[in-house]
Amino acid sequence: MGRDTIADIITSIRNAEMDNKRVVRIASTNITENVVKILLQEGFIENVRKSRESNNSFLVSTLRYRRNRRKPYRNILNLKQISRPGLRIYSNYQRIPRILGGMGVVILSTSRGIMTDREARLEGIGGEILCYIW
């Protein structure tokens, strides 16, 4: 039985934010590294570093906090997984949904790697819709 890495990322971030944790540890794979890199570029995560314990690699990411550093930004709570192992959802570049009129981000897995909806529309390629973030 395989693991659903996208669900693991979403669940880890959501649980850490609900518990007001500043740091999240995510198992490191190629998919998780690319998704976390997109979250960092879009401003949902403040910092990411790679750590290693025994034979396992982890991505240690710091959630973005308000200036008073008491509570995280509430917009990261809106993470929604679209494709899952039992039901894959694909879209061509013309039918990629716009989340909140373009304010949100759609993460896609394309033939050229994992990218956001804006990048996929610019390159004119579609792919598997992994998740929505708003």
side-chain contact (heavy atoms from CB on, under 4.5 Å) assessment of Phe44 paired with Ile13:
CA-CA 10 Å; Phe44 293 105; Ile13 292 173; over 6 Å; no
Quick one, Ile10 with Cys131, criterion side-chain contact (heavy atoms from CB on, under 4.5 Å). Give me CA distance, side-chain angles, the key distance, then yes/no.
CA-CA 9 Å; Ile10 291 171; Cys131 61; 3.9 Å; yes
Show your working on side-chain contact (heavy atoms from CB on, under 4.5 Å) between Thr11 and Asp8 and close with a plain yes or no.
CA-CA 5 Å; Thr11 303; Asp8 291 344; 5.8 Å; no
What's the verdict on side-chain contact (heavy atoms from CB on, under 4.5 Å) for Arg25 and Leu59, showing C-alpha distance, side-chain angles and the deciding distance?
CA-CA 6 Å; Arg25 273 182 30 168; Leu59 293 173; over 6 Å; no
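Cluster membership check: Val48 shares its hydrophobic cluster with Ile133, using side-chain heavy-atom separations under 4.5 Å among Ile, Leu, Val, Met, Phe, Trp and Tyr. By the rule that hydrophobic residues join a cluster once side-chain heavy atoms approach within less than 4.5 Å of another member, Ile82 and Met103 end up as members of one cluster. Under the 4.5 Å side-chain heavy-atom criterion for ILVMFWY residues, no single connected hydrophobic cluster contains both Leu87 and Tyr90. Linking Ile, Leu, Val, Met, Phe, Trp and Tyr residues whenever their side-chain heavy atoms come within less than 4.5 Å leaves Leu40 and Phe58 in two separate clusters.
In this structure, NZ in Lys21 is found 14.0 Å from OG1 in Thr62, a value given to the nearest 0.5 Å. Distance check: Tyr132 OH to Ile99 CD1 gives 4.5 Å after rounding to the nearest 0.5 Å. The line from CG of Leu63 to CG of Leu39 is 10.0 Å long, rounded to the nearest 0.5 Å. Taking OG of Ser12 as the start and CG of Leu79 as the end, the distance is 11.0 Å to the nearest 0.5 Å. Taking CG from Asn30 and CD1 from Ile114, the interatomic distance works out to 8.5 Å, rounded to the nearest 0.5 Å. Atom CD1 of Ile31 and atom CD1 of Ile6 lie 6.0 Å apart (nearest 0.5 Å).
Checked for salt-bridge contact, Glu42 and Arg118 meet the test: a charged N lies under 4.0 Å from a carboxylate O.
Contacts of Glu123 classified as side chain to side chain contact (heavy atoms under 4.5 Å, CB included), with partners at least two apart in sequence or in another chain: Arg112, Met115, Ile125. Under the side chain to side chain donor-acceptor pair (under 3.5 Å) criterion, Thr116 pairs with no residue, sequence neighbours left out. Shown here are the side chain to side chain contact (heavy atoms under 4.5 Å, CB included) partners of Ala7, two or more places apart in sequence or in another chain: Asp4, Gln81. Applying the salt bridge (charged side-chain N to carboxylate O under 4.0 Å, His left out) rule to Glu33 yields the partners Lys50; only residues at least two apart in sequence or on another chain are considered.
With Arg121 contributing its side chain and Ile96 its backbone, the two residues share a donor-acceptor pair below 3.5 Å.
Judged as a side-chain hydrogen bond (donor to acceptor under 3.5 Å, both in side chains), not a single pair has a partner in residues 93-104 (not counting sequence neighbours). The stretch residues 124-134 participates, sequence neighbours left out, in these salt bridge (charged side-chain N to carboxylate O under 4.0 Å, His left out) pairs: Arg88-Glu128.
Counting heavy atoms from C-beta outward, Val60 and Val23 have side chains that approach closer than 4.5 Å.
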